[in-house]
Enquirer: 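After the structure tokens below, expect a handful of questions from me.
It should be emphasised that the depicted structure is a prediction, and the values quoted were computed from it without experimental measurement.
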Amino acid sequence: MTRHLRRTALLTAVSALAGLALTAAPTTATAAGPHTPARQASAGQAPSLRELPEPPDAVKARELLADLVVADEDDVPGYSRAKFPHWITQYGTCDTREVTLQRDGQDVVQDDQCRAESGTWYSAYDGLTIDSASRIDIDHIVPLKEAWRSGASEWSTPERRAFANDLVHSQLIAVSYSSNRKKGDKDPGNWKPPLQSYWCTYSRAWISVKATYQLTANPAEVNALSEMLDTCNA
């Protein structure tokens with residue numbers, strides 16, 4: 001069952017990749033997507049929505065959280081980022097990082113190699129607005145090493161590649177490099193976004209990814225996620 005669910009997630013990602021190849025984005029990105037906020041907010045005003053694929057609502061997220069296998073997570077030997085190949089080509093010359101930068105940014109202009117030359121990005125973790133792609137990291141909501149120690153060590157390389165480049169589920173988001181470096185490979189029991197206003201979305205996204213890929217969660221992680229979901233009703 002677990003392997004079947006992971007294969008379903010992989011096939012979904014591959015299907016989406018085929019769709020991207022057929023509808024490659026233009027080099028100048030200004031059009032709004034289905035989860036794109038009206039990006040004409042006044043200076044310093046945070047967008048109300050992110051382009052992160054919408055995770056399940058809080059009620060569904062609690063159901064998924066209750067269904068996760070709870071287990072202590074050991075530091076499984078053998079981890080290497082190279083075992084999660086990224087960033088792969090999504091279409092043309094555009095890799096996963098560049099696609100995410102275009103998706104999450106405002107007025108992003110790309111060169112003929114799909115590299116972001118200009119634009120602005122709002123970092124939902126810490127509320128910073130950033131005007132240089134070099135100061136942006138693409139964060140894995142569930143970090144690669146966290147996935148490794150909660151089940152991905154048993155996956156095949158294609159499964160880990162799909163996980164590391166998944167644009168279909170709520171797994172990748174453009175954030176400030178400073179917030180991403182502080183997060184590292186920590187789960188919510190050890191790190192939460194500094195902006196409490198983002199805890200609801202972050203916990204829903206984390207739970208969704210863990211459930212989709214049938215990853216385990218440790219007790220402190222589960223408790224933290226439950227507390228973060230409480231903010232959805234605040």
Side-chain angles (χ1 to χ4, degrees), residues 2 5-6 8-10 12-13 35 49-73 75-76 79 81 84 86 96 100 103-104 123-127 137-153 155 159-160 162-176 179-234:
T2 296
L5 289 170
R6 288 204 306 272
T8 298
L10 185 151
T12 300
H35 300 295
L49 294 173
R50 292 293 295 158
E51 295 83 345
L52 181 80
E54 190 68 21
D57 63 29
V59 173
K60 181 62 177 177
R62 284 196 185 277
E63 294 175 358
L64 294 173
L65 179 61
D67 288 340
L68 292 181
V69 174
V70 180
D72 292 330
E73 294 168 3
D75 195 7
V76 180
Y79 169 75
R81 289 178 66 84
F84 293 79
H86 67 290
T96 307
T100 308
R103 182 197 71 184
D104 286 5
S123 173
Y125 289 176
D126 50 15
D137 275 358
I138 306 304
D139 181 42
H140 293 93
I141 294 283
V142 175
L144 303 181
K145 190 172 185 179
E146 164 65 15
W148 177 266
R149 60 181 171 240
S150 57
S153 61
W155 298 355
E159 287 173 325
R160 289 194 288 265
F163 177 84
N165 297 274
D166 187 354
L167 290 164
V168 177
H169 304 97
S170 47
Q171 166 67 338
L172 297 175
I173 185 172
V175 297
S176 68
S179 65
N180 189 43
R181 309 299 164 83
K182 289 175 183 176
K183 172 183 172 178
D185 63 358
K186 302 178 185 73
D187 67 35
N190 294 297
W191 186 91
K192 302 177 182 66
L195 279 185
Q196 188 170 340
S197 59
Y198 199 65
W199 285 9
C200 174
T201 300
Y202 187 81
S203 58
R204 289 160 48 218
W206 182 285
I207 293 166
S208 175
V209 172
K210 283 246 168 165
T212 296
Y213 286 93
Q214 294 290 285
L215 297 168
T216 63
N218 66 58
E221 175 187 349
V222 170
N223 290 337
L225 288 165
S226 180
E227 292 173 358
M228 293 171 78
L229 285 176
D230 288 342
T231 66
C232 296
N233 300 319

Enquirer: Donor-acceptor pair, distance only, cut-off 3.5 Å: does the side chain of Q171 make one with the backbone of A164?
Expert: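 Between the backbone of A164 and the side chain of Q171 there is no qualifying donor-acceptor contact (under 3.5 Å).
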
Enquirer: Got V222 and L65 here, is their nearest side-chain heavy-atom distance under 4.5 Å?
Expert: yes

Enquirer: Any side-chain donor paired with an acceptor under 3.5 Å for Y213 and D166?
Expert: yes

Enquirer: For E73 and T216, work out which heavy atoms get closest and say how close.
Expert: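 Scanning both residues completely, I find the closest heavy atoms to be OE2-O, 3.3 Å.
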
Enquirer: Show your reasoning for whether side-chain contact (heavy atoms from CB on, under 4.5 Å) applies to I173 and T100.
Expert: CA-CA 7 Å; I173 185 172; T100 308; 5.9 Å; no

Enquirer: Can you give me the closest heavy-atom contact between D185 and E146, atom names plus distance?
Expert: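 Heavy atoms only, the tightest pair is O-CB, 3.9 Å.
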
Enquirer: Evaluate the side-chain proximity of N218 to V70: yes if any heavy-atom separation is below 4.5 Å, no if none is.
Expert: no

Enquirer: What distance do D57 atom CG and E63 atom CD have between them, rounded to the nearest 0.5 Å?
Expert: 8.5 Å

Enquirer: Find out whether L64 and P56 are in side-chain contact, i.e. whether some heavy atom of one side chain is under 4.5 Å from a heavy atom of the other.
Expert: yes

Enquirer: Any side-chain heavy-atom pair from K192 and Y202 closer than 4.5 angstrom?
Expert: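 A side-chain contact under 4.5 Å is absent here.
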
Enquirer: Please determine whether a side-chain nitrogen of the Lys or Arg among R62 and D230 lies less than 4.0 Å from a carboxylate oxygen of the Asp or Glu.
Expert: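 Yes, charged N to carboxylate O under 4.0 Å.
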
Enquirer: Using the side-chain contact (heavy atoms from CB on, under 4.5 Å) rule, take D187 and W206 through it: C-alpha gap first, then chi angles, then the decisive distance, then the call.
Expert: CA-CA 9 Å; D187 67 35; W206 182 285; 3.6 Å; yes

Enquirer: With ring centroids as reference points, do F84 and W155 lie under 6.0 angstrom apart?
Expert: no

Enquirer: Are any side-chain N or O atoms of S123 and backbone N or O atoms of V175, one a donor and one an acceptor, separated by less than 3.5 Å?
Expert: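 No: the side chain of S123 does not pair with the backbone of V175.
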
Enquirer: What's the separation between atom CG in L52 and atom OG in S208, rounded to the nearest 0.5 Å?
Expert: 9.0 Å

Enquirer: Quick check: closest heavy atoms across D72 and P219, and the distance to 0.1 Å?
Expert: OD1-CD, 3.6 Å

Enquirer: Closer than 4.0 angstrom, basic N to acidic O: yes or no for K182 and D126?
Expert: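 A salt bridge is absent here (no side-chain N lies under 4.0 Å from a carboxylate O).
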
Enquirer: Roughly how far, to the nearest 0.5 Å, is CG of L68 from CG of L215?
Expert: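 Rounded to the nearest 0.5 Å, the CG-CG separation comes to 8.5 Å.
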
Enquirer: Quick check: do Y79 and L144 have side-chain heavy atoms less than 4.5 Å from each other?
Expert: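 A side-chain contact under 4.5 Å exists here.
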
Enquirer: Can you find a pair of side-chain heavy atoms, one from L195 and one from Y125, that are under 4.5 Å apart?
Expert: no

Enquirer: Donor-acceptor pair, distance only, cut-off 3.5 Å: does the side chain of S153 make one with the backbone of R149?
Expert: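 Side chain of S153 to backbone of R149, a donor-acceptor pair under 3.5 Å: no, none is there.
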
Enquirer: Is the backbone of T96 close enough, under 3.5 Å, to the side chain of H86 for a donor and an acceptor to pair up by distance?
Expert: no

Enquirer: If I take atom CZ from residue R103 and atom CG from residue L172, how far apart are they, to the nearest 0.5 angstrom?
Expert: 6.5 Å

Enquirer: Salt bridge (Lys or Arg N to Asp or Glu O under 4.0 Å): which pairs involve residues 214-226, sequence neighbours left out?
Expert: K210-E221

Enquirer: Suppose the criterion is salt bridge (Lys or Arg N to Asp or Glu O under 4.0 Å): which pairs have a residue in residues 194-209, not counting sequence neighbours?
Expert: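 Every salt bridge (Lys or Arg N to Asp or Glu O under 4.0 Å) pair that includes a residue of residues 194-209, provided the two are not neighbours, is E54-R204.
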
Enquirer: Are the side chains of M228 and P188 in touch, meaning some heavy atoms are under 4.5 Å apart?
Expert: yes

Enquirer: Hey, does the side chain of S203 reach the backbone of W199 with a donor-acceptor pair shorter than 3.5 angstrom?
Expert: yes

Enquirer: So, taking the atom named CZ in F163 and the one named CZ in R160, what distance separates them when rounded to the nearest 0.5 Å?
Expert: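 Rounded to the nearest 0.5 Å, the CZ-CZ separation comes to 11.5 Å.
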
Enquirer: Quick one, L229 and I207 - any side-chain contact, counting heavy atoms below 4.5 Å?
Expert: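 Yes, close enough: below the 4.5 Å cut-off.
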
Enquirer: Is a side-chain N or O of W191 found less than 3.5 angstrom from the main chain of G184, in a donor-acceptor match?
Expert: no

Enquirer: Going by side-chain hydrogen bond (donor to acceptor under 3.5 Å, both in side chains), K183 matches just one of D139, D137, N190. Which one?
Expert: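 Exactly one pass, corresponding to D139.
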
